[in-house]
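As a basis for the values below, the full set of heavy atoms in this structure was taken, side chains included, without hydrogen atoms, waters or symmetry mates. Since this is a predicted model, take the numbers as computed values, not measurements.
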Amino acid sequence: MKFSFALLYKFFLIIILTNLSFQTIQAQDSVCFNQAMALYTKGNYADAYKGFSTCLKNTNVKGSEFYNNCLLQMGICALENAAYKQASSLLHMAERALKDTSDNYIICKQKIAALHKRLGDYNEAETILLNLLNMQENSSNTNCALKAVTLNDLGVIYKRLGQYDRSINYLSESLQLKQSCLNPEDPSITISLNNLAGVYMKQKDYTRADSLYTTSIKIKTKLYGPDHPSTLLAWNNLAELYRQQNNYAEALTILQEVLARKAATSGTHTLSYAASLHTIANVYFASGKYAECINYCHKSIAIKEQLIGKHAANTMHSYVLLAKANHISGKNKHAKSLYDFILKTRQEEIDAYFKYLGEEEKIQYLKASNTYWKEFTAFVFDMNSKPQKHTAANSSLFNQWIENRWYLSELILEETQRQHRLWENISDTSQLKLVRELKELKDEIAEISLLKTKEDLHTSDELNDLTDRAAHIEKELTSIYAIENRKKYSVKDVTNALNSTECIIEIIKPIQTSGKYLALVYLQGIKTPYQIWLPEASVLEDKAYAYYRNNIKFKLQDVKSYNLYWKPIADFISAHSAIHTLYLVRDGIYECMNIHTLLADSTSITIIYLNKAESILSHKQRSKTITLNKTAFIYHPLYSSTIDACDYSDLPGTKTEVDSIENLFRNQALKTVRYGEAMASEAIIKNDTAAYSLVHIATHGYLEINPEDDYVESMIHSGLVLSGVCDPLDVDSTADDDGILTAYEIAQLNLSATDLVVLSACQSGLGMMDSQEGLVGLQRGLLVAGTKNVLVSLWKIDDAVTARWMIHFYSNLLETKSCTEAYLFAQQKIKEQYVYPYYWGAFVLLEQ
């Protein structure tokens, strides 16, 4: 559904501007102004612009209130006519001329924000509106209706960015404010009704959206009549709702009537007319009439390109629909050309905007804009399934898909890491204060989120306020310290980095559970990776994974998992006998497994986990050895000294484990520091571990992720259990230490000097499977914090065996300084004593 926000509340502005202006306008000027305003009211912006221009020329008092009002109105008309350069010039002239305490100044700033929004500069639009809202909230004589407009504008921006809960909060507050100070049938109230309905429709709450649209149409029809642009826009929105509910006949009937009325009243060269054309195209596509869809798409795009430009978000929606329709009609060359343009534009938008968002906003932005990627993926794999799939064109297309996937995956991880690295070098006192405040806010967000329930509205409001403040600080810091755009890598870059004895296996989880997993194989010098199709996600992620876990847990012989998860890959590798090193990029359910547990004892292949295929480039450049100049051991937390009923069992075995490991370090005269019992606290990890090259943490982990959890919630619902968790009296209450260190809090730490973190904690390697970010949990928090290598576990094993595993690991690490060699050595040593993977396969080594 597409609509012009500024168009909807223009009538509200008429009332304000008229009341503000006429007291000082001379009689002849008043007539001129009224005539122009009448044209504006009818939606005739071109003639209204001419009228205001005539008024401006006729007045002899340049800089007068009347003169400035004419400037402002000309800017608004230019904005509505999509003459954006002209609008920008006029609105900024008016901004400089108007008093910053006047209501007209506020209207001018709102329109400048609307201009930025239409041009896709959401960061600037949001900044203007937030500053405006702050000014209005701190003013003793704020115009209630104007404040409601600011709230409404912010709600619309957050809807565009996929922040639907935040959008609903702002739009609802705007509606309540309008209802408190305006007539129940004031036209501006219909703006909030329509915008709220649009968000509910995005959330597929069709009943609520239908009610809001219908109420809005009744008010608009009564106020303006059936042919007014605002009334027709409301009908257009209702038709889109019917389309989404598959009621195509009703939607088409409404839309054809709306289109005819728009043509008769405001003409065929407006964004409103283009929006109706697009909606009709959507209806035809949904009903299988693709030729008609393509025809209407072209008409809509032609208008949008002239009015708002080829790269505007509104235009892009029509391009996506046109690409889909061309593909399904068999016009694949046209579809390919369109997708090339769409993806290029999408990357440019991410480069320009994504890095300036707060973490929560990044998540919502990716969710809201994932349609582009899904549609392109469907196109690529449909083309790939055709008989002529091995043509050069299709190979190039497939590489393009891979490279775009690399670019889009782990965006949050990489951008957050880069932000943190920049902030570590801040020396300015005021900016350091902001960094500290941001960390404190995120600690508070984690603490409240652990305790809140979805029904706790007070807590939810508090969280929203904290999240808003955190996002504001992140943006302020990021705007000061510019972040370079991400590097883009090609398949050729990756294959050229390999030698003849190496390969990369990249596992890819399908978008749909009905789809199959895919393994891509990269070899030295090949132009495009080989494809190995694996079973469907519904099989691998359900009963097959339960079977794998049960065999591990109950120490049974696993006779199926190898064939399901690995045999097709193993067959490929065996056919290439030169391969000795396999770099494995896991995705989906494969991130919850140790691949070594699937392999035969006789395998001579060395497996190294990478987070992305393109990481091979940094892996090759990075030193394979680590520094062991200072090590911290955090172990045997004192969960409670006075309370017997604690959910977490005491771990005296971790002291024995650390005693044995530390002796190895002391034998080589290496410096170590121990934090045990009450000292094994959240505050110690937050404040005292940044200087250590190796950190070993032996405690309970917790994982309480729900299927509906998003990225941030998953980071909060996984973490480490430390001293005082059952008895706050055991820890320093002034240190904001509750005994739970979430992955979300860990991600705020600076561990860039840390070469290795070992989590000797059960299930520390598990988490939520995110389609773009991978596995989200404890290990993600450590990687975001900058740790170069992380050793985590996938299940709990016997304490004595864990101790032996760690002794083997560290004895080899001290000798070789290689995490990979030490990991494989420890795994093999335990395997020699215990045949079952339960004992030797729990740990996995991840590198940055």
Side-chain angles (χ1 to χ4, degrees), residues 1-4 194 197-198 201-202 204 206 209-210 213 217 229 231-308 310 312-342 345 369-379 382-383:
M1 180 188 64
K2 320 295 182 300
F3 55 90
S4 165
N194 273 280
M201 190 159 68
K202 285 284 186 183
K204 302 190 185 306
Y206 297 128
D210 196 333
Y213 279 141
I217 288 171
T231 309
L232 295 175
L233 182 58
W235 277 111
N236 197 90
N237 293 337
L238 185 61
E240 171 64 14
L241 175 65
Y242 289 149
R243 182 196 70 81
Q244 290 193 20
Q245 293 176 293
N246 301 327
N247 188 352
Y248 305 131
E250 184 68 23
L252 204 56
T253 300
I254 293 172
L255 288 167
Q256 294 291 5
E257 177 69 18
V258 165
L259 201 66
R261 288 178 181 272
K262 284 182 178 180
T265 54
S266 56
T268 60
H269 196 67
T270 65
L271 281 179
S272 177
Y273 191 82
S276 291
L277 290 169
H278 176 86
T279 310
I280 291 174
N282 245 328
V283 173
Y284 279 128
F285 181 88
S287 55
K289 298 180 179 179
Y290 304 116
E292 291 89 341
C293 171
I294 290 171
N295 180 35
Y296 277 90
C297 275
H298 280 301
K299 291 179 180 179
S300 177
I301 288 170
I303 297 170
K304 290 177 180 178
E305 283 191 354
Q306 288 187 1
L307 294 178
I308 59 176
K310 191 172 184 178
N314 208 325
T315 313
M316 294 302 297
H317 290 308
S318 294
Y319 271 118
V320 172
L321 181 58
L322 181 60
K324 288 166 58 180
N326 270 284
H327 170 52
I328 206 165
S329 301
K331 301 174 182 178
N332 292 315
K333 285 187 178 180
H334 291 297
K336 168 68 167 58
S337 176
L338 289 165
Y339 278 120
D340 285 345
F341 166 69
I342 291 164
T345 304
S369 55
N370 202 29
T371 303
Y372 297 100
W373 176 245
K374 286 184 176 180
E375 297 297 348
F376 181 58
T377 297
F379 170 66
D382 184 55
M383 293 297 294

CD1-CD1 distance between I254 and I217, expressed to the nearest 0.5 angstrom = 7.0 Å
Sub-3.5 Å donor-acceptor pair from the side chain of N326 to the main-chain atoms of L322, do we have one?
-> yes
Atom pair CG (L252) and CG (N247), whose distance is rounded to the nearest 0.5 Å = 10.5 Å
Check I342 against M316 and note the closest heavy-atom contact, atom names and distance.
-> CA-CE, 3.5 Å
Just by modelled atom types, is the E375 backbone N or O under 3.5 Å from a matching donor or acceptor in the K324 side chain?
-> no
Does K310 make a cation-pi contact with F341, if we ask for NZ or CZ under 6.0 Å from the ring centre and within 45° of the axis?
-> yes
Decide if atom CH2 of W373 counts as having more than 12 heavy atoms of other residues, nucleotides or ligands within a radius under 6.0 Å.
-> yes
Would you call the rings of Y339 and F376 parallel, tilted or perpendicular if under 30° counts as parallel and over 60° as perpendicular?
-> tilted
Does the side chain of Y248 pick up a donor-acceptor pair with the side chain of N246 at under 3.5 Å?
-> yes
side-chain hydrogen bond (donor to acceptor under 3.5 Å, both in side chains) partners of H269, counting only residues at least two apart = Q306
For S276 and K262, does a side-chain donor sit closer than 3.5 Å to a side-chain acceptor?
-> yes
Would you name the heavy atoms of M201 and A209 that are closest together and state the gap between them?
-> N-CB, 4.1 Å
Would you mind reporting whether Y372 and H317 have side-chain heavy atoms less than 4.5 Å apart?
-> yes
So do Y296 and L259 actually touch side chain to side chain, heavy atoms under 4.5 Å?
-> yes
List in chain and number order the residues that pass side-chain hydrogen bond (donor to acceptor under 3.5 Å, both in side chains) with E250, two or more places apart in sequence or in another chain; answer none if no residue qualifies.
-> none
Between Y290 and F285, is the ring centre distance below 6.0 Å?
-> yes
Are I303 and T270 side-chain neighbours, meaning at least one heavy-atom pair lies under 4.5 Å?
-> no
So do the side chains of H327 and M383 get within less than 4.5 Å of each other, counting heavy atoms only?
-> yes
CD1 on I294 to NZ on K331, rounded to 0.5 Å | 4.0 Å
Least distance between heavy atoms, C297 atom then S318 atom | SG-O, 4.0 Å
So, for A251 and Y242, which heavy atoms are closest and what is the spacing to 0.1 Å?
-> CB-CB, 4.0 Å
Value rounded to 0.5 Å, distance of CG in L238 from OG1 in T279 = 11.5 Å
Taking atom CG of L255 and atom NE2 of H278, what is their separation to the nearest 0.5 Å?
-> 11.0 Å
Pairwise distance CG(N194) to CG(N237) - rounded to 0.5 angstrom = 5.0 Å
